[in-house]
Amino acid sequence: MFIHKIPVNEQSSGKVLPLYGAVVNDHQHAPAVCSCPRPAPAPAASARPTVQLTPGSLALLIGGGTAAVLVVGAVLVSMLLAVAITAGSLAIVALVVRSLMNDGAKRR
């Protein structure tokens, strides 16, 4: 029951084609000749130059990365602080409202 039985595709010509793998091409055609114009290959001089990291550019890169991290960190900390202040304010308002409701119930 658990043994794989792989079927074989037998053609009427007697050739056996595998189910997986490369497709066998028995056709013997001459390669087609392309009459379309081909672009000229780009000379090696116009190839994209590699990036050269000098000590000055490396220091600039490190400084820029540090500044970006500090700015993102400051924004995230300020957002967290805003949420904490809002939560504290809501807690104080809830205490005041509860106190007012309890005082109103005691005076009746």
Side-chain angles (χ1 to χ4, degrees):
M1 178 175 158
F2 294 109
I3 298 174
H4 295 290
K5 296 179 182 177
I6 301 175
V8 179
N9 182 13
E10 294 185 16
Q11 293 183 341
S12 60
S13 64
K15 295 180 183 177
V16 177
L17 297 178
L19 291 177
Y20 302 102
V23 177
V24 179
N25 189 359
D26 289 337
H27 295 19
Q28 300 296 328
H29 293 286
V33 178
C34 180
S35 62
C36 58
R38 295 179 187 235
S46 69
R48 194 169 171 185
T50 58
V51 177
Q52 299 291 332
L53 289 178
T54 62
S57 64
L58 188 61
L60 182 66
L61 185 65
I62 291 173
T66 304
V69 167
L70 289 176
V71 167
V72 170
V75 168
L76 292 177
V77 167
S78 65
M79 289 173 63
L80 180 64
L81 184 61
V83 169
I85 290 172
T86 304
S89 300
L90 285 176
I92 291 171
V93 168
L95 289 174
V96 170
V97 168
R98 187 176 75 171
S99 174
L100 290 174
M101 290 178 69
N102 286 339
D103 285 344
K106 289 180 183 177
R107 288 186 185 170
R108 289 187 186 179

*Under 3.5 Å, side chain of Ser57 to main-chain N/O of Leu53, donor-acceptor pair present?*
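Checked: no pair found.
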Can you tell me if Ser99 uses its side chain to pair, donor with acceptor, with the backbone of Leu95 under 3.5 Å?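 Pair absent, no side-chain N/O of Ser99 close to backbone of Leu95.
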**Prompt:** Measuring from Thr66:OG1 to Ile62:CD1, what's the distance to the nearest 0.5 Å?
**Reply:**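 Answer for the OG1-CD1 pair, Thr66 versus Ile62, is 7.0 Å.
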- Within one Ile-Leu-Val-Met-Phe-Trp-Tyr cluster: Val93 and Met101, side-chain cutoff 4.5 Å: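 Yes, Val93 and Met101 fall within the same hydrophobic cluster.
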Original post:
Are Met79 and Val83 side-chain neighbours, meaning at least one heavy-atom pair lies under 4.5 Å?
Top reply: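 No. Closest side-chain heavy atoms not under 4.5 Å.
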